[in-house]
Every structure is written in structure tokens, then in C-alpha cells.
Amino acid sequence: MWGNVSVLAQDLMRELTIPLLLLAILGMLTVLWLPKQKYICFLGAAFFVYAAFFCTFANIAEIAGIYKGVLERFWMQPALLLVLLAGHGLTELLRIAKLNKSAILPVAFLILAARVHSNYELCDQSENHHVEQFGRHILSHLPNDTILLTSGDLSTNTFRYLTIAEQVRPDVQVLDMSFIGSQWFIPMLGHHLKGVRFPGVAYIHHARHNSRLYNLEQFLDHNLPHRPVFVCLKPRDDTPPLVKYDILPYSFCSQFLPKGAVDPLLYGKQIPAPDLNTYLPPRTELFGDQAWEDVVLHEYWEALAKPGRYLWSSGEETNDVDRKKQFYLAAYEYLFRAKEDISARINTGELSPVSWNHTSYYSKYLGVQCRQLWVHTTGRSRVPGSLGEKYEECQRKYFTDYVESAPPLTKNIDKDFKNIEMLLANPGM
């Protein structure tokens, strides 16, 4: 709890400034000599009840990134209470200083003007089009009449706004997987989705056959023969494995295709990644990690790494030893080229140098591929000058890069991090 109190106090000091907080404290203390002003007690009590509730039940200290930015929306209420108390404190301060009442209004306007001036540049987003450009980039490369499944605020709201308000690719039908799970969705919104076939009254992840509900596989059975189906930015974590369909990477999105329709190895080597190398993501230094632009940047790195992870997971799934080696080698070659391309774009100034911090997991995946090649190709051989020694040195190099360059937050939440450190201490494991 006290960790949450510390985080809340730091954020209030940053957002409201220390002088304003001191005025708010003064405003609360006035009840000691102005007992008849009961509304001061009400404002103070409301603030402490609200803050105590959040600090007790919310894991504020453990939240970071965009989630903390979303959480801070709920701190506007206690901040507003403090501003009201600060106004009362300012009035009382001027009264104690025996200034004329006519001076209160000019002083208040000066304080407001100072706050507007100090925050104007941060709040002026009139030239910020990164999220819009991100959505336009994705929509422009989808096939005609695509059904686009989404999940989350960034993808759903961006694509809906562009397709409906801006009429960008109106042929693309956007379906939020959270909404289609409600029985009110089809009666209220189904008529807007021309050509989309719903095999039941509502979507559910684990729907049984012959029920009024339907799952993702049944949805694809009814729609994929007629229209391409994609998912952006990623499927839900609790989506069950598909029996009849593959999920294949396609730039920022993933494409559903009938299982076996393409050779995973050939597809992985020729991943459709339209213009990913020409797309310019937001520059890291211009936005904090609590902004949606940082989410866009993260999705960019995910999209670049996705083909390599796809090849690796395909190698994990096959039992053919030769195919397994081919998948691991193809994954390594792809990730190595991707990391080299990023390095070149940073050197030319096209990407921000700070962006390199976001690519530490490339080193992690490259280390994984080297280890898999070492195990499955050479049987952990350490003969000097052999291929086994090369792969062993390769995994040590990239795992060391990952451990040294991974952001602190990654080190805290990555469940593989300790395993990688153990491998570095004993690579023969």
C-alpha cells in the first residue's frame, strides 16, 4: 500500500507542482480556524477516501507503460479536489497577507497562465498524426473486402474511425472481438456489417458445436471461403488452438488461411511485410512510455520480429528433424537480417538511436535460434573450429547482449530472463 501512496504522491507533485499542493494543504488546515466552512471538510475527506481506496486496492506501483497512463485518468478526480482546496488556500493566504480582495483574481489568472505555458507544448498535439498514419498504413495493405478482427483500444478505435469517418478503405469490415461476444451486437450493429456471416447469436472462445454460440473456428468456416480474414494487432491470449486454420504473420497483422494451404517454410522466407522497412514509427524520445505512440512503436518492433518467431514456432511443432533444422536456420537468418537493417536505419538517422533499447528481444530470439541449431544440428558439439563451437559462441554472444541491453522492466517480467542467465553461467545445460 505504501508503495502505491509514494507513486500517487510523486505523480500529483509532477502534475500539480509542489506550490499548488502546499496551497491545497493550507486550504485543508483553514478548517482549524474557520470551523463553519464545512465544505472544506467534505473536500478533504473526499480526497482522502478516494486516495485510500485506490492505494489499497490498485497495484499502482506495479503498473507501467500505457497501463499506468490509462490508470492516471482516474486520478483526475482527486486532483480536481486538490485544485479546489488550493483555490481556497490561495484566498486564505492573500487574506493573511492582508492584500486587497481585488488582487485575488489577477493572482489566480497569473497562476493559470503559468500552468498553461508550462504544459502547452506537451498538450499541443495538433501536428501529431502517428496513430492515424499507423492505421492508414495497415488498412492500405489489406486485400479487398477484408474482415478485420481487432482487440483493444488502439486497433479497434483507429480502424473504425478511419473506415467510417474518413472513408479510408470502407470495404474493410472491423469487428471488435470483445463486442461480438455480446448478444446485443448482431441485433444492434449487425446490419452495418454487410457480407459478414455470424453462425450464432454471440461469439465465445470455447463454444460447443450445435449451440447458439459460435467460436473462432466456426466464424472462419462461414466467412473465410468468401472473404479474407485478418486479425490485428494480435489474437487474444485465451483463444483456443485452431484445428483447421493457420495464423500466418502479415506485416502488423496476422492472416487466417486453411491449414496446409501454404508451406510454412516457404511462406516464412517470403513473409508479406508490405513496406515495413519504409514505415517510419514514432521517435521514442518525443513521447513517454505512457503514450499510445509508444504502443505503436512497440507494435512496429513486434511486426518486424514476428516472421522470425513464426519460423521458430513452426520448427518447434514439426517432428521432421531435417525440417526442424531448416526452420531454425531460416529463423536465425531472418532475425539477423532484421537486426542489421534496424542498425543501418539508426545509423542513417531514419530511426531514433533510443529505438535500439526496444530491440533487445531480437538478441534474445537470436540466442534461442543459435541454441536450437547447436542442440539439433551438432548435438552440443564443442570441437574447436566446428559448427557446434560456432553455434555455442553465437548463443553466448546474443544472450549476453540481451542480458546487458534489456530494459529493467523486461528483466522484472520476463520469465525466461533467469533461465538465460543460467545458460550463460552453464551453456552446456
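Just so it is clear, the structure is predicted and the values come from calculations on it, not from any experiment.
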Novice: Any idea how His88 and Tyr39 line up, ring-wise: parallel (<30°), tilted (30 to 60°), or perpendicular (>60°)?
Specialist: perpendicular
Novice: Salt bridge or not between Arg136 and Glu132? Use side-chain N to carboxylate O under 4.0 Å.
Specialist: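 Salt bridge: yes.
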Novice: Less than 4.0 angstrom from a charged side-chain N to a carboxylate O is my criterion; do Asp341 and Arg337 meet it?
Specialist: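 Here Asp341 does not pair with Arg337 in a salt bridge, since their nearest N and O are not under 4.0 Å apart.
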Novice: Sequence neighbours left out, what passes side-chain contact (heavy atoms from CB on, under 4.5 Å) with Leu139? Give chain and number order.
Specialist: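 With sequence neighbours excluded, Leu139 shows a side-chain contact (heavy atoms from CB on, under 4.5 Å) to Leu142, Leu148, Phe159, Leu162, Thr163, Val168, Arg169, Val172, given in chain and number order.
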Novice: Tyr203 versus Leu216: any side-chain heavy-atom pair under 4.5 Å?
Specialist: yes
Novice: Tell me whether Glu333 contacts the main-chain N or O of Ala330 through its side chain, where contact means a donor paired with an acceptor under 3.5 Å.
Specialist: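 Looks like no, no N/O pair under 3.5 Å.
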Novice: Will you find, in the side chains of His222 and Tyr214, an N or O donor that is under 3.5 Å from an N or O acceptor?
Specialist: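 No.
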Novice: Okay, side chain of Asp246, backbone of Leu248: is any donor-acceptor separation there less than 3.5 Å?
Specialist: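 The answer is no, because no donor-acceptor pair under 3.5 Å joins these two groups.
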Novice: Roughly how far, to the nearest 0.5 Å, is the NE2 atom of His137 from the OG atom of Ser251?
Specialist: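 One finds 4.5 Å between OG of Ser251 and NE2 of His137.
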Novice: With a 3.5 Å distance limit and no angle check, can you tell me whether Lys194 reaches the backbone of Gln173 through a side-chain donor-acceptor pair?
Specialist: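 A pair under 3.5 Å: no.
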Novice: Thr318: which residues meet the side-chain contact (heavy atoms from CB on, under 4.5 Å) condition with it, sequence neighbours left out?
Specialist: Asp320, Arg323, Lys324, Phe327
Novice: First locate atom CD of Gln255, then atom CG of Leu224, and finally report the distance between them rounded to the nearest 0.5 Å.
Specialist: 8.5 Å
Novice: Phe179 vs Trp184 aromatic rings, parallel, tilted or perpendicular, using cut-offs 30° and 60°?
Specialist: tilted
